[in-house]
2 protein chains.
Amino acid sequence: MAKNCRFAVAVHIATLLALVGDKPASSEWISTSVNTNPVVVRRILSALAKAGLVRSSRGIKGGSVLSKAPADITLLELHRAVDEKDPPPLHNQQPNQQCPVGKNIQRVLTSVLERASKASDAMFADTTLAEVVADIERDA
Amino acid sequence: MAKNCRFAVAVHIATLLALVGDKPASSEWISTSVNTNPVVVRRILSALAKAGLVRSSRGIKGGSVLSKAPADITLLELHRAVDEKDPPPLHNQQPNQQCPVGKNIQRVLTSVLERASKASDAMFADTTLAEVVADIERDA
DNA sequence: TTAATGGTAATTACCGTAATTACATTTAGA
DNA sequence: TCTAAATGTAATTACGGTAATTACCATTAA
């Protein structure tokens, strides 16, 4: 398997935690809904904990709970918690710096990509976990 | 090498073509600015040609030229010409359809991701190749 | 006829990712 | 205090997307 699905799994997990409320959910239980390995779930939970979005406790009766109300968690927070922060270099080989285009293209592209990324982030920031939960409850 | 840099290379190539105007540019020459293999350049050019953005001719004195004015080519067109059209599935394993969350999360996520993608595309649509060229000429 | 060019298939190598295994650590409760 | 259930995390494996490269055919102007 290869495709990055951390964001999708993070939203999935957060939605489950929102639904069970204060009861700590185990990675084992979560993994049966996501249909993946419990370790994968724990890795995502670990990233969410570092971002202050969940709290996890060990031992019997341990598990994870949200540390904020679903209405106060945006999808942008979930996205930033699990995905790479700094964008990778645009080209693989550095373009020819002797060529005016090669010398400047990365600066120009970075600016455009940043605007696109900000626009995309605004959409994620505009959706809360509570809305996702409401949408899912509507059908379920 | 692994990272997808087709969009960056496509903009790079299109900018070069815009600068040389009517003179057909060879993949060999383009590759020295991009600093990659001529075949990689030809593959991108092939995609751009399929999208109607460039015309290529074979043989001696052959090469590629833009088929539209730079002011009439948006970065969105370049992006769509070279990148995958349909988004891949969100999860790797299908979520548990017995769970309300597993059953509905993909529909909800798809909707959010589509909004984010549209917002991002709007930024690309808002920038023309002519603007990129102008930006590069400003420094060069 | 030749040399320069694009078109494209096939192969290779690399790298990010999820999946899996293994094991240490923590914790509640009998 | 012992045990069972849970997290934390490192190490390894396998897969898949990508660029790079090679090879070869087709086209074209001189």
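Note: hydrogens, waters and symmetry copies are ignored here, and every other heavy atom, side chains too, is used. Residue numbering restarts at 1 for every chain, and letters A, B, ... go by the order of the sequence lines.
Between H79(B) and F124(B), the ring planes are parallel. Angles under 30° get that label, and only those over 60° would be called perpendicular.
Rounding to whole angstrom units, NZ of residue K50(A) and P of dG8(D) are separated by 9 Å. For the pair Q93(B) CD and dT17(C) P, the computed distance is 17 Å after rounding to whole Å. The distance between atom CD1 of I60(A) and atom P of dT27(C), rounded to the nearest whole Å, is 12 Å. Rounded to whole Å, the distance from CD1 on I30(B) to P on dA19(D) is 16 Å. Rounded to whole Å, the distance from CH2 on W29(A) to P on dT7(D) is 12 Å. Distance N92(B) CG to dG16(D) P: 10 Å, rounded to the nearest Å. Rounded to an integer number of Å, the gap from CG of L90(A) to C1' of dT18(D) is 16 Å. For the pair R42(A) CZ and dT20(C) C1', the computed distance is 11 Å after rounding to whole Å.
Residue-level contact check: R43(A) touches the bases, meaning some heavy atom is under 4.0 Å from a base atom. In this structure, S64(B) reaches neither bases nor backbone, as no heavy-atom distance under 4.0 Å exists between it and the strands shown. Contacts of A25(B) with the nucleic acid, taken as non-hydrogen atoms under 4.0 Å apart, involve only primed sugar atoms and P, OP1 or OP2.
The CD1 atom of I30(A) sits 13.5 Å away from atom CG of N96(B), with the distance rounded to the nearest 0.5 Å.
Within the structure, every side-chain polar atom (N or O) of S57(A) is placed at least 4.0 Å from both OP1 and OP2 of dA6(D). Between S26(B) and dT5(C), a side-chain N or O to OP1/OP2 separation shorter than 4.0 Å is absent. Using a 4.0 Å cut-off, no side-chain N or O of S27(B) falls inside it from OP1 or OP2 of dT5(C). An OP1 or OP2 oxygen of dA20(D) is reached within less than 4.0 angstrom by a side-chain nitrogen or oxygen of T36(B). Close to dT17(C), at under 4.0 Å from its OP1 or OP2, lies a side-chain N or O of R6(A). Under 4.0 angstrom from either OP1 or OP2 of dT17(C) there lies at least one side-chain N or O belonging to N4(A).
Look at D121(A) and K118(A) and you find no salt bridge, because none of the NZ, NE, NH1 or NH2 atoms lies under 4.0 Å from a carboxylate O.
For the pair V39(A) and R58(B), nearest-nucleotide mapping onto DNA chain C gives the more 5' position to R58(B). Projected onto DNA chain D by closest heavy-atom contact, D83(B) and K61(B) fall at different nucleotides, the more 5' of which corresponds to D83(B). Judged by closest nucleotide on DNA chain C, N37(A) is the one of N37(A) and G59(A) placed further toward the 5' end.
Closest non-hydrogen pair, V65(A) versus G21(A), comes out as CG1-O, 4.1 Å.
Using modelled atom types and a 3.5 Å distance limit, the side chains of R55(A) and S67(A) yield no donor-acceptor pair.
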